[in-house]
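Owing to the predicted nature of the structure, the values given are computational and were not obtained by experimental measurement. In what follows, chains carry the letters A, B, and so on, assigned in the order in which the sequence lines appear, proteins first and then strands, with residues in each chain numbered from 1.
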There are 2 protein chains.
Amino acid sequence: MTELSTMKDGVANQAEASDRVLQILAEAGRLFASKGFEGTSMRDIALACGISKSLLYHHFSNKDEIYARVAVGSTLELYLFVRDRIPDGPPSQKIRAFMVATAEYFRRYRWAWIASTTAFWNDPDRQRHKERLTRRDRFENFLRGLIQEAIDAGEIRKVDVPMTGRLILSSLNWMHRWYNPNKSATPEQIADTFFDMIFNGLRSGELVELPAAEPPKAGRRKSR
Amino acid sequence: MTELSTMKDGVANQAEASDRVLQILAEAGRLFASKGFEGTSMRDIALACGISKSLLYHHFSNKDEIYARVAVGSTLELYLFVRDRIPDGPPSQKIRAFMVATAEYFRRYRWAWIASTTAFWNDPDRQRHKERLTRRDRFENFLRGLIQEAIDAGEIRKVDVPMTGRLILSSLNWMHRWYNPNKSATPEQIADTFFDMIFNGLRSGELVELPAAEPPKAGRRKSR
DNA sequence: GTTTTCACCGACCGATCGGTCAAGCCCGGC
DNA sequence: GCCGGGCTTGACCGATCGGTCGGTGAAAAC
């Protein structure tokens, strides 16, 4: 199921592409990620690759296509990548695997990930942007299915499913803003920690029954 | 506490500014938020305001200053805004108030918020960002203090404090990517829901019946 | 009544943008 | 030999970029 693993320097899913094309995609992804789409010129990309600007137009028809190959081509198989890493077992563990797999994808295709989630995300008139959003919808709906599964199995509370999905995805999607690859924790470890926090909650103590009758302010005490 | 509330159209903390300047800041914020800093030209801003491009340079020295007034000027008092809305009471409720207050700030200064968290966040020329980042650090450290407080009070588990802060902030910081002001839930309600999910966890409580033959869930429980 | 101040504008600047094009370079097949 | 065809280039294009300049008109200050 991982025949899609033709990759180089974090450029995902670019089968049958020449070394030069892969180089361009890698450099362009890095630049898009750090300076944005509008902030990156074709001259920047050419300079980073050590080639002439014209050569970019030999391999790609325009700037949008480079971005599409970086971003769309990279989110292309996120859904499949994650789906294939969901084990059989209790639904809650599937959610955990979902988070860890997404984090692994982030780690492997980091620049392309950042580029695709950063650049002109709300430009309404970009045709291929819609394709990417469709893929992300499928990805998100997959997560919602897992959450519903966990609810049906009685593993998690009867929470609002879309909102729960947004919380989980938020914890992963914001990671690129603070994640430092030189620090010790891997994205997978971070995702695992976040799953623990979200699934088990932060609250200490065994679940004694709810202080339901109590107004929130007066609540819990256990002075230090 | 709210002497900082000179605002118009979601432009925060722009005291003693003329109507025209406020208009420019509002329109520029909206454009920066939707098209990014590099993607927004001075002509765009002038056109949106119905004025000439020259007039922008009469009121501001350059494009960066407009961005600074929108973004830096808006995150300027986020820390104070939130701090003043933290009630006395149990630390966990302070964390909840922190989240709700941040969400309120997001709702009130939405465009400026998006512009400041979107545009060239990792520009190598961090100088103009340093001030803004310093403020955000203070903001984040404030949250970490609340988390530590809750741990010391025994209200929440002995979790990793910075990581917990990142989870909480992620849930809020990613909101602008999916929040729809036309839908029913307010940002404050969303933040409240997220607090409940993170604090109490998703896992169903003891009262859930144990399906007799069901194998246990692979030992994810963390004992404290 | 004169001068100063200030919001405002149209024309313009050099630089850079995305993109084009005709021509060279290189290398395997005749 | 020399012939095609893919890789590569520098010169160039119109458009647009951020920013400047000289000036206008009306109110405020003297």
Side-chain angles (χ1 to χ4, degrees), chain A residues 8 14-72 115 118-120 123 125-129, chain B residues 8 11 14-72 115 119-120 123-125 127-129:
Chain A
K8 172 180 181 173
Q14 305 291 350
E16 55 198 74
S18 70
D19 284 352
R20 174 112 300 163
V21 167
L22 291 179
Q23 180 200 11
I24 293 171
L25 291 174
E27 293 293 344
R30 210 172 41 78
L31 287 168
F32 286 151
S34 59
K35 303 175 26 171
F37 178 79
E38 310 281 356
T40 301
S41 72
M42 295 295 271
R43 286 166 179 82
D44 291 338
I45 300 173
L47 187 67
C49 295
I51 60 178
S52 74
K53 187 164 63 80
S54 309
L55 189 51
L56 297 176
Y57 288 94
H58 174 70
H59 290 294
F60 302 90
S61 61
N62 53 39
K63 190 181 177 183
D64 275 12
E65 192 192 325
I66 299 183
Y67 174 79
R69 286 286 291 276
V70 169
V72 182
T118 300
F120 57 76
D123 196 333
D125 63 341
R126 300 276 180 168
Q127 190 53 34
R128 52 175 132 266
H129 207 56
Chain B
K8 172 180 182 176
V11 178
Q14 304 291 350
E16 54 198 76
S18 69
D19 284 354
R20 178 111 296 165
V21 167
L22 291 179
Q23 180 200 11
I24 292 171
L25 290 174
E27 293 292 344
R30 211 173 41 78
L31 287 168
F32 286 151
S34 58
K35 302 175 26 170
F37 178 80
E38 309 282 356
T40 301
S41 73
M42 295 296 269
R43 286 167 179 82
D44 291 338
I45 300 173
L47 187 66
C49 294
I51 60 177
S52 74
K53 188 162 65 76
S54 309
L55 189 52
L56 297 178
Y57 288 93
H58 174 71
H59 290 293
F60 302 90
S61 61
N62 53 38
K63 190 181 177 183
D64 276 13
E65 191 192 326
I66 298 182
Y67 174 80
R69 286 285 292 274
V70 169
V72 181
F120 57 73
D123 195 325
D125 176 18
Q127 194 52 37
R128 52 191 157 187
H129 287 301

For this session: Output all residues satisfying side chain to side chain contact (heavy atoms under 4.5 Å, CB included) with B:Leu55, sequence neighbours left out; order by chain, then residue number.
Result: B:Arg20, B:Ile51, B:Ser52, B:His58, B:His59
For this session: Please identify each residue that fulfils side chain to side chain donor-acceptor pair (under 3.5 Å) with B:Asn62, with sequence neighbours left out.
Result: none
Exercise. Could you state the CD1-P distance from A:Ile24 to D:dC7, rounded to the nearest angstrom?
Worked result: 11 Å
For this session: Taking the side chain as every heavy atom from C-beta outward, state whether B:Phe60 and B:Met42 have any pair of such atoms under 4.5 Å apart.
Result: no
For this session: Name all pairs fulfilling the salt bridge (Lys or Arg N to Asp or Glu O under 4.0 Å) condition that reach into residues 45-55 of chain A, sequence neighbours left out, sorted by first residue then second.
Result: none
Which protein N or O atoms sit under 3.5 Å from an N or O of nucleotides 22-28 of chain D?
none

Exercise. Checking side chain to side chain contact (heavy atoms under 4.5 Å, CB included) for the pair A:Arg69/A:Val21: CA distance, chi angles, key distance, verdict?
Worked result: CA-CA 10 Å; A:Arg69 286 286 291 276; A:Val21 167; 3.9 Å; yes
Exercise. With respect to the side chain of B:Lys53, which nucleotide from D:dG19, C:dG19, C:dC9 is positioned closest?
Worked result: D:dG19
For this session: Find the distance B:Ile51:CD1 to C:dC6:P and express it as a whole number of Å.
Result: 18 Å
Exercise. Of the candidate nucleotides C:dC8, D:dT8, C:dG18, which contains the atom at the shortest distance from the side chain of B:His59?
Worked result: C:dC8
Problem set entry | Rounded distance (Å) that lies between atom C1' of D:dT20 and atom OH of B:Tyr57 | 9 Å
Exercise. Hey, is the side chain of B:His58 poking within less than 4.0 Å of OP1 or OP2 on C:dC8, counting only N and O atoms?
Worked result: no
For this session: Return the value, rounded to whole Å, for the distance between atom CG of A:Leu55 and atom P of C:dG18.
Result: 16 Å
Exercise. For the pair made of CG in A:Leu56 and C1' in C:dC21, what is the distance, rounded to whole Å?
Worked result: 16 Å
Seminar exercise, completed: Between B:Ile24 and B:Ile66 the two heavy atoms that sit nearest each other are CG2-CD1, 4.5 Å
Exercise. Has B:Lys63 got its NZ or CZ under 6.0 Å from the middle of the six-membered ring of B:Phe32, at an angle within 45 degrees of the ring axis?
Worked result: no
For this session: Would you indicate which nucleotide in D:dC17, C:dA7, D:dC7 comes nearest to any side-chain atom of B:Ser41?
Result: D:dC17
Exercise. Looking at residues 42-49 of chain B, who's got a heavy atom less than 4.0 Å off DNA chain C?
Worked result: none
Exercise. Just how far, in rounded Å, is C1' of D:dT16 from CD of A:Glu38?
Worked result: 12 Å
For this session: Decide side chain to side chain contact (heavy atoms under 4.5 Å, CB included) for A:Thr40 and A:Tyr67; before the verdict, give the C-alpha distance in whole Å, the side-chain angles of both, and the deciding distance to 0.1 Å.
Result: CA-CA 11 Å; A:Thr40 301; A:Tyr67 174 79; over 6 Å; no
For this session: Under the side chain to side chain donor-acceptor pair (under 3.5 Å) rule, collect the residues that match up with A:Arg43, sequence neighbours excluded.
Result: none
Seminar exercise, completed: A:Lys63 NZ to C:dT16 P, in whole Å, measures 15 Å
For this session: Would you indicate, yes or no, if C:dC6 has its OP1 or OP2 atom less than 4.0 angstrom from a side-chain nitrogen or oxygen of B:Arg20?
Result: no
Exercise. Can you tell which of D:dC7, C:dC8, D:dG18 lies closest to the side chain of B:Ser52?
Worked result: C:dC8
Problem set entry | Value in whole Å for how far the P atom of C:dC17 lies from CG of A:Leu31 | 12 Å
